[in-house]
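Please read these numbers as outputs of a predicted model, since none were measured by experiment. Starting from 1, each residue takes its place in the sequence as its number.
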Amino acid sequence: MLGISFIVGHVIVGLYFLINAYSHLFKSSDMVGYAASKKVPSPRLAIIVSGLLLLVAGLSFVSGMYMFYGIIAALVFMIPVTIMMHNFWAETDPMAKMNQRISFLKNVAIIGFLLMLL
């Protein structure tokens, strides 16, 4: 049973990264303004590069191949995004602060999961 749940978990996590990769690579124009508002350098390029990192991570998790590289790609994406895009401590609006804090903590949990997999 552990083997099946491990495979299902891989697919679920992989799909999470692949869905986000799709958004970054095919709907990047929707994200550029927000990234620029967060002071991301070269926001369009950053979104494309982050989409490629998400794609590598997602494909790695879904296929179960090259997991080390997929985990590293996910970490290279997750760490700066968590700090730059979900900096709840800089928000003044209480609702925005709460939403960013939730996203920040979700990302920290994903980072912890990825570190456990290493």
Rounded to the nearest 0.5 Å, what separates atom [atom1] in [X] from atom [atom2] in [Y]?
X	Y	atom1	atom2	answer
Ile7	Ile12	CD1	CD1	12.0 Å
Lys27	Asn20	NZ	CG	11.5 Å
Ile71	Leu117	CD1	CG	4.5 Å
His86	Lys38	NE2	NZ	8.0 Å
Ile72	Met67	CD1	CE	11.0 Å
Ile83	Asn107	CD1	CG	10.5 Å

Between [X] and [Y], what is the shortest heavy-atom contact and its length?
X	Y	value
Pro43	Ala35	CB-CB, 3.8 Å
Leu53	Ala73	O-CB, 3.6 Å
Met31	Ser23	CE-CB, 3.5 Å
Arg44	Ser28	NH1-OG, 3.8 Å

Quick one: does [X]'s side chain get under 4.5 Å of [Y]'s, heavy atoms only?
X	Y	value
Leu18	Leu55	yes
Trp89	Phe104	yes
Leu114	Leu118	no

Backbone N or O of [Y] within a donor-acceptor pair of the [X] side chain at under 3.5 Å?
X	Y	value
Ser50	Phe77	no
Ser103	Gln100	no
Asn87	Ala90	no

Is the count of non-hydrogen atoms from other residues, nucleotides or ligands lying under 6.0 Å from Tyr34 atom OH greater than 12?
yes
Has Lys106 got more than 12 heavy atoms of other residues, nucleotides or ligands less than 6.0 Å from its NZ?
yes
Is it possible for you to say whether [X] and [Y] belong to one hydrophobic cluster, with membership spreading through side-chain heavy-atom contacts below 4.5 Å?
X	Y	result
Val81	Ile19	no
Phe61	Tyr22	no
Tyr69	Leu52	no
Met84	Met78	yes
Val108	Met116	no

Look at the rings of Phe6 and His10 and say which category their plane angle falls in: under 30° parallel, 30 to 60° tilted, over 60° perpendicular.
perpendicular
Report the residue from Leu54, Leu59, Val56 that forms a side chain to side chain contact (heavy atoms under 4.5 Å, CB included) with Phe17.
Leu54
Intermediate values then yes/no, side-chain contact (heavy atoms from CB on, under 4.5 Å), Val40 and Met85
CA-CA 8 Å; Val40 173; Met85 302 302 288; 3.6 Å; yes
